[in-house]
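This report refers to the structure that appears directly beneath it.
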Amino acid sequence: MHDIKLIRDNPAGFDAALARRGLAPLGAALVEEDARWRAVSTALQEGLARRNEASKAIGQAMAKGDTATAETLKAEVAALKARLPELEAEERTLAEALQTRLAAIPNLPAADVPDGADETANVEEHRWGTPRTFDFTPQDHADFGPALGLDFEAAAAMSGARFAALRGGMARLHRAIAQFMLDRQTGANGYEEVNPPLLVRDDAVFGTGQLPKFAEDLFRTTTGHWLIPTAEVSLTNIVRDKFLGEADLPLRFTALTPCFRSEAGAAGRDTRGFIRQHQFEKVELVAIATPEQAAAEHAHMVASAQGILEALGLPYRRVLLCTGDMGFSAAKTFDLEVWLPSQGVYREISSISTCDDFQARRMNARYRPEGEKGTRFVHTLNGSGLAVGRTLVAVLENYQNADGSVTIPEALHPYTGGLTTLTPR
RNA sequence: GGAGAGGUGGCUGAGAGGUCGAAAGCACCGCACUCGAAAUGCGGCGUGCCGGCAACGGUACCGUGGGUUCGAAUCCCACCCUCUCCGCCA
């Protein structure tokens, strides 16, 4: 959510930032709407002030037993009051309209984000690891996975497309990956483990920015709850409506949760395999920071996610997203992309964003700066550390053998109960 | 699901139609006392919005939304949440 006061002060600057995102100018229209609201709001406040003044006088007159004066004033206020409901209604309508417009505008890109229309303008910043040279043609996990316990058929029969059942060693490997990640993030990386709600209300999803614009990407229950599309929603909303002390910051949260996405806009994309599912698990990282801490937290989060890939020996690259490829709430985003030998490309496995105070405004999350009066909005950051399903795919493909088996990376051995290889049945 | 109790400032907690943005205590900040500290005393201390360079003024906010009234933290209605007991249940 944007601060109307900043737009009021510099509508041209606001439009320039929107243009970087490929959006049409809105500044002038917003400023005009804001001016109309303020005019009505001021008129309403003046009316209320007069009413309050007179009511107070009535109280004093009655205390003195001066009923005549009291009755005169009562008539006066009654007349004045006839006008107030209209003003109130108008003020509310205008305020809501302005809020609705503001709520639909994405965050503005940070200054150091490269301009661009789509992913082709993203900037590769870093590469780690050398893709393995195979002495056979590496296969797609969707082809050799089923023999190892990746059961798409059974899942399709009960749930339809974009679902899978993991069985036997495959399920164990998946669980091992998740536990390994969670242990890393709660250990040296300093994130507090959270087991959060998976069903949340409108306000929570509005707070992180998935609502109101992206309802069609989410699943909704008959009770009106939303299934979280990412634990970013649950973890970030921990601080909703809070006034934090500066000494409490930064807060770091992590959670291993299922994520649910309707994939409404992805028809036909990644229909084979385990890459894009309606339901998947992810270890999410969230940080709540002061504006001054945010950049360092972003770097720490990136390092925390990269550390997983490095420990698993999975080649990856880090990409700085351009203005046109960023999500709604993000001011600056790094994607980590893991090497998939069957496709011969790097595929997104983590997205790590700083949202400055955009989400904090939406959920009213503030802190009291030390040695300063008043309050400020916190900065929020989120990132995957990592997506478990896609990590499973990366492990399968990068560690596959000519005979259709998969060697489990050593870092996972403490979690696999002695299992070191997945062997076709 | 049934019965009951309750949601007030950072915390505890009073207030039960008017001068209540709200007592008191704790916490916090400033000043005094002190070599320093503790203790003590004095003062300050909510948030949003609008106006103002500012001092400050106005307005809204006592779970949320409506209603009654000249006037609502206080009365009425609905909803949300918390707690206790009973039932059911992983």
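All chains are named by letter (A, B, ...) in the order of the sequence lines, taking the proteins before the strands, and each is independently numbered beginning at 1. Because only heavy atoms are used, hydrogens play no part in the values below, and waters and symmetry mates are left out as well, while side chains stay in.
E53(A) places its CD atom 14 Å from the C1' atom of rU19(B), with the value rounded to the nearest Å. We find that NZ of K74(A) is positioned 14 Å from P of rG18(B), with the value rounded to whole Å. Residue E246(A) contributes atom CD, which lies 18 Å from atom P of rC28(B) at whole-angstrom precision. Remark: P of rC70(B) and CG of L73(A) are 13 Å apart, rounded to the nearest angstrom. One can place CG of L87(A) at 15 Å from P of rU59(B), the figure rounded to the nearest angstrom. One can place NZ of K242(A) at 15 Å from C1' of rC11(B), the figure rounded to the nearest angstrom.
Atom name P, nucleotides rA22(B) and rC62(B): the rounded distance is 14 Å, in whole Å. Going from the C1' atom of rA90(B) to that of rG48(B) covers 44 Å, rounded to whole Å. Here, rA27(B) and rG13(B) have their C1' atoms 14 Å apart, quoted to the whole Å. Look at the P atom in both rG65(B) and rC83(B): the space between them is 23 Å, to the nearest Å. Taking the P atom of each, rU59(B) and rU68(B) are spaced 22 Å apart, rounded to whole Å. Here, rC85(B) and rC11(B) have their P atoms 26 Å apart, quoted to the whole Å. For the P atom pair drawn from rG25(B) and rA14(B), the interatomic distance equals 15 Å after rounding to whole Å. Going from the C1' atom of rC50(B) to that of rC42(B) covers 35 Å, rounded to whole Å.
Scored by the ring-ring contact (aromatic ring centres under 6.0 Å, His included) test, H141(A) finds no partners at all (sequence neighbours excluded). Shown here are the ring-ring contact (aromatic ring centres under 6.0 Å, His included) partners of F328(A), two or more places apart in sequence or in another chain: F214(A), F358(A).
Contact check on R162(A) versus E263(A) returns no salt bridge, with no Lys/Arg side-chain nitrogen under 4.0 Å from an Asp/Glu carboxylate oxygen. By the 4.0 Å N-to-carboxylate-O rule, K242(A) lies too far from D248(A) to be salt-bridged with it.
Pairing each heavy atom of R362(A) with each of L211(A), the nearest pair is NH1-O, 3.2 Å.
Sequence neighbours left out, the pairs with a member in residues 219-241 of chain A that pass salt bridge (Lys or Arg N to Asp or Glu O under 4.0 Å) are D202(A)-R220(A). Contacts classified as side-chain hydrogen bond (donor to acceptor under 3.5 Å, both in side chains) and involving residues 32-41 of chain A (residues at least two apart or in different chains) are given here: R8(A)-D34(A), E32(A)-R36(A), E33(A)-R101(A), D34(A)-R38(A), W37(A)-E91(A). Contacts classified as ring-ring contact (aromatic ring centres under 6.0 Å, His included) and involving residues 362-382 of chain A (residues at least two apart or in different chains) are not found. Counting only residues at least two apart or on different chains, the salt bridge (Lys or Arg N to Asp or Glu O under 4.0 Å) pairs with a member in residues 279-288 of chain A are K282(A)-E284(A). For the ring-ring contact (aromatic ring centres under 6.0 Å, His included) condition, the pairs that include at least one residue of residues 216-267 of chain A, sequence neighbours left out, are F219(A)-H278(A). Within the structure, ring-ring contact (aromatic ring centres under 6.0 Å, His included) pairs that include any residue of residues 167-209 of chain A comprise Y191(A)-H300(A) (at least two apart or interchain).
The closest side-chain heavy-atom distance from L30(A) to I105(A) is below 4.5 Å. Side chains of L336(A) and I352(A) form a contact here, defined as non-hydrogen atoms less than 4.5 Å apart.
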Any N/O pairs under 3.5 Å between the protein and nucleotides 47-57 of chain B? List them or say none.
residue : atom : partner : partner atom : Å
rU47(B) : O3'  : R366(A) : NH1          : 3.2
rU47(B) : O2'  : R366(A) : NH2          : 3.3
rG48(B) : OP1  : R366(A) : NH1          : 3.1
rG48(B) : OP1  : T375(A) : OG1          : 3.1
rC49(B) : OP1  : K5(A)   : NZ           : 3.0
rC50(B) : OP1  : R8(A)   : NH1          : 3.3
rC50(B) : OP1  : R8(A)   : NH2          : 2.6
rC50(B) : O2'  : T42(A)  : OG1          : 3.3
rG51(B) : OP1  : R38(A)  : NH1          : 2.2

Find every protein N or O atom lying less than 3.5 Å from an N or O atom of nucleotides 60-65 of chain B, and list the pairs.
residue : atom : partner : partner atom : Å
rA60(B) : OP2  : N52(A)  : ND2          : 3.4

Please write out each protein N/O paired with an N/O of nucleotides 78-81 of chain B under 3.5 Å, distance rounded to 0.1 Å.
residue : atom : partner : partner atom : Å
rC80(B) : O3'  : R201(A) : NH1          : 3.4

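Test T354(A), T323(A), D112(A) against K332(A) for side-chain hydrogen bond (donor to acceptor under 3.5 Å, both in side chains) and you get one pass: D112(A).
The number of heavy-atom neighbours closer than 6.0 Å to CD of E153(A), taken from other residues, nucleotides and ligands shown, is 12 or below.
Using a 4.0 Å heavy-atom cutoff across all strands shown, A49(A) reaches sugar-phosphate atoms only and no base atom.
Scanning RNA chain B for stems, defined as runs of 3 or more consecutive Watson-Crick or G-U wobble pairs whose donor-acceptor distances all fall under 3.5 Å, gives the following ranges: B:1-7 with B:80-86, B:10-12 with B:24-26, B:28-32 with B:40-44, B:46-51 with B:56-61, B:63-67 with B:75-79.
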